[in-house]
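I have a structure here, written as structure tokens, and I will follow up with some questions on it.
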Amino acid sequence: MTPEEPSDDQLRRQRLEKLDRIRESGTNPWPTRFERTHTLAEARSAFGEDGDPLHVRLAGRLVAFRDLGKLSFAQLQDGTGKLQISFQLKDLGERYEDLRNLDIGDFIGISGYLWRTSRGEITAGVHDFQPLAKSLRPLPEKWHGLVDPEKRYRQRYLDLITNDEVRRVFETRTRIISGMRRWLDERGFMEVETPVLQPLYGGAAARPFVTHHHALDRDLFLRISDELYLKRLIIGGFDKVYEISKDFRNEGIDSTHNPEFSMIELYQAYADLGDVMTLTEDLVRALALEVLPDGSIECAEAVIDFRQPFARLSVREALQRWAGIDVLEATDDELAARANLPVAVGRGKLVDELLSNHVEPQLVQPTFLTDWPVELSPLAKRRIDEARLVERFELFVGGVERANAFSELNDPIDQRARMVDLAKRRVAGDVEAAPVDEDFIEALEYGMPPTGGLGIGIDRLVMLLTGQTSIREVILFPQMRTLQ
RNA sequence: GGGGGUGUAGCUCAGAGGCAGAGCAGUAGACUUUUAAUCUAUUGGCCGAGGGUUCGAAUCCCUCCACCCUCACCA
């Protein structure tokens, strides 16, 4: 794609020749500094109705150029928007010829006066201009922009320069994340940082990435979750904590999975699952209202209106309705037959399979799916009335899991038993089962208060609130194979 | 991993056995109110890579690479 040795194609050569001409005239093509008086958006709004000529110094990237002879119009773009600028022979004299050394893609600084054309376009009439950064490669075409998805992801900067909608998606992503922070900070949550490099991984079912620390001469794992560390902080006495973390899972890549992805996890002492459910609904609704003009968006061929209350449904009810089976009454054999899998995969896997195929696609409107089987939830607290189930929900919107929460298991004896059970599955060949974390269990033995925990996949939430169907459209630099 | 699709100029795309094409951008020229400016002329190609079939391959066949969709996998 980008060769080590720059191609000496015609377009690049022509730009290098212009570069030489700029240098020969004693001008630095890449100067250090340019003092501007306004951003382009500020200049636009500074142009008052009183019609007084306002002197401005502006800077930006040249993205369009229309040469009309003794008059030229061009368009500058900066982080705030675009503004038309004009060059007139009568204002510039001999310097008008220097326009020949400009290319679309160059950054330039100009000084001049704002005016309004006969068509009403606010325009900066240039009296002086200078290069700020010469561009040596042509930008994508002005009308269609950059379309090829491969090139858009590999050279995201070109995508951002050319496609305003893409820019807006990532601006919205940032607003969602900062909105989350603000919302939690206002409610007394404390943002913390926990290790990315972990001696033992856990908190989720996934294959980890392994790396090696030379000085310690030991393998370390990139975290698949920060759950077990955040709970240690609850044990340590921080009652409300959250972390916005990059997690890493060594699994396939598709439109809802990227090997590194963003997650927010939060833990609140003395909160139960109901509290967390309320919090989740309030948070998601607040973010939706902040980002969506009317609090609704189209998703999976339906209109999701976040102002409406979220539905609640238990795993048992859902499987009765859509898979026609009572998960609490059915034998392993019956579940296996319904799921079309061997009994040996285990009850948890069977239920999971039935949910994926029959239930999840149905959950288009925001729905809390509650009361999960204990086999699928090794870190969640059992229900008091039914030990086969745990106090847990997953939030589904558009048929996709967006959040996961439970009353945290704080019984160290039960926790050890479940981790040991997981480790057995690991020995039996389940590459995604986590190992026993004795250090974590020791921490639990000191005592963890009753705690509610929540994890939200940030990328998937951003997809939902920006109407994107691929996770690559909400991650600036999604993982790609290397080109040789 | 299975199935389907795509890959041609800097970008967006036509071309489906017989001379490699268009629009945009680029270059040269004309033009002082353009907004995808317009008009004239024009440069630009390892047709993803490698092999094969054929008198002749961008086009047909095989292998490989990358990307997209889909199924499987993935709480």
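These numbers come from a predicted model, not from an experiment. Below, read A as the first sequence line, B as the second, and so on, with proteins coming before strands; counting in each chain starts at 1. Worth knowing before you read on, the calculation uses all heavy atoms, side chains too, and leaves out hydrogens, waters and symmetry mates.
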### Summary
Separation of B:G7 atom C1' from A:Asp148 atom CG, nearest Å, is 8 Å
### Query
Does any nucleotide pair with B:G7 by Watson-Crick or G-U wobble geometry, both distances under 3.5 Å, and what is it?
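When the pairing criteria are applied, B:C65 turns out to be the nucleotide that pairs with B:G7.
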### Query
Ring centres of A:Phe87 and A:Phe73 under 6.0 Å apart?
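For A:Phe87 and A:Phe73, the ring centres are not under 6.0 Å apart.
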### Query
When you compare B:G21 with B:U63, how far apart are their P atoms, in angstrom units rounded to a whole number?
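Those two atoms are separated by 32 Å.
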### Query
Given the P atoms of B:A14 and B:U40, what is the spacing between them in whole Å?
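These two P atoms come out 26 Å apart once rounded.
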### Message
In whole Å, I'd like the distance from the CG atom of A:Leu146 to the P atom of B:A9.
### Response
14 Å
### Task
For B:G45 and B:A22, measure between their P atoms and round to the nearest Å.
14 Å
### Message
With a 6.0 Å cut-off (strictly less than), is the heavy-atom count around CD of A:Glu165, excluding the residue itself, greater than 12?
### Response
yes
### Message
Please determine whether a side-chain nitrogen of the Lys or Arg among A:Asp9 and A:Arg12 lies less than 4.0 Å from a carboxylate oxygen of the Asp or Glu.
### Response
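Between A:Arg12 and A:Asp9 there is no salt bridge, as every charged N stays at least 4.0 Å from the carboxylate O atoms.
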### Among A:Lys18, A:Glu24, A:Arg21, the one residue meeting side-chain hydrogen bond (donor to acceptor under 3.5 Å, both in side chains) with A:Asn101
A:Arg21
### Task
Could you encode protein contacts along nucleotides 68-75 of chain B as a string, one character per nucleotide from 5' to 3', using B for base contact, S for sugar-phosphate-only contact and - for no contact, with a heavy-atom cut-off of under 4.0 Å?
SS---BBB
### Query
Where along nucleotides 29-37 of chain B does protein come under 4.0 Å, by heavy atom, of base (B) or sugar-phosphate alone (S), with - for untouched nucleotides?
S-BBBBBBB
## Note on the structure
B:C47 -> Watson-Crick or G-U wobble partner, both distances under 3.5 Å, gives none
### Task
Give A:Gly145 one of three labels, base, sugar-phosphate or nothing, depending on what nucleic acid heavy atoms sit under 4.0 Å from its own.
sugar-phosphate
### Separation of atom CZ in A:Arg152 from atom C1' in B:C11, rounded to whole Å
14 Å
#### Entry: Nucleotide B:A25, atom P - distance to CD1 of A:Ile161 in whole Å
18 Å
### Message
Tell me the interatomic distance from A:Ile104, atom CD1, to B:C24, atom P, rounded to whole angstroms.
### Response
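Atom CD1 in A:Ile104 sits about 13 Å away from atom P in B:C24.
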### Task
With a 3.5 angstrom cut-off on both distances, give the Watson-Crick or G-U wobble partner of B:U38, or none if there isn't one.
B:A30
### Message
Tell me whether the side-chain N/O atoms of A:Arg15 come closer than 4.0 Å to OP1 or OP2 in B:G26.
### Response
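Answer is no, no contact under 4.0 Å.
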#### Entry: Interatomic distance at C1', B:C39 relative to B:A49, whole Å
43 Å
### Query
Rounding to a whole Å, what distance do you find between A:Leu136:CG and B:G26:C1'?
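Atom CG in A:Leu136 sits about 15 Å away from atom C1' in B:G26.
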### Nearest-Å distance once atom C1' is located in both B:G7 and B:C13
12 Å
## Note on the structure
With B for base contact, S for sugar-phosphate-only contact and - for none (protein heavy atoms under 4.0 Å), nucleotides 41-47 of chain B reads --BS---
#### Entry: Geometric cation-pi criterion, A:Arg232 with A:Phe440: 6.0 Å, 45°
no
### Over-ring placement of A:Arg173 relative to A:Phe170, 6.0 Å and 45° cut-offs
no
### Query
Looking only at atom P, what distance separates B:G52 and B:C68, rounded to whole Å?
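These two P atoms come out 32 Å apart once rounded.
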### Query
Do A:Arg382 and A:Asp414 meet the salt-bridge criterion of a basic N to acidic O distance under 4.0 Å?
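Counted as a salt bridge, because a side-chain N and a carboxylate O are separated by less than 4.0 Å.
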### Message
Run A:Gln268 and A:Thr451 through side-chain hydrogen bond (donor to acceptor under 3.5 Å, both in side chains) and show every step you take.
### Response
CA-CA 6 Å; A:Gln268 179 172 357; A:Thr451 298; over 6 Å; no
#### Entry: B:U59 to B:G23 separation - P atoms, rounded to the nearest Å
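These two P atoms come out 25 Å apart once rounded.
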### Message
Check whether A:Asp459 reaches the backbone of A:Ser262 with its side chain - one donor and one acceptor, N or O, closer than 3.5 Å.
### Response
yes
### Message
I'd like the P distance from B:U8 over to B:C60, given in whole Å.
### Response
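It works out to 16 Å between them.
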### Message
Would you call the rings of A:Phe396 and A:Trp372 parallel, tilted or perpendicular, taking 30° and 60° as the class edges?
### Response
parallel
### Task
Find the partner of B:C73: check Watson-Crick (N1-N3 plus N6-O4 or O6-N4) and G-U wobble (N1-O2, O6-N3) distances, both under 3.5 Å, and reply none if neither fits.
none
### A:Gln84 side chain to A:Arg66 side chain, donor-acceptor N/O pair below 3.5 angstrom
yes
### Message
I need the minimum non-hydrogen distance between A:Phe248 and A:Phe261, along with the two atoms involved.
### Response
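Heavy-atom minimum between the residues: N-CE2, 4.4 Å.
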### Task
Compare all side-chain heavy atoms of A:Asp91 with those of A:Val126 and state whether any distance is below 4.5 angstrom.
no
### Task
May I have the distance from A:Leu158 (atom CG) to B:G10 (atom C1'), rounded to whole angstrom?
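About 10 Å, once rounded to whole Å.
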#### Entry: Mate of B:A22 where both pairing distances stay under 3.5 Å, Watson-Crick or G-U
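Pairing partner, where one exists within any strand: B:U12.
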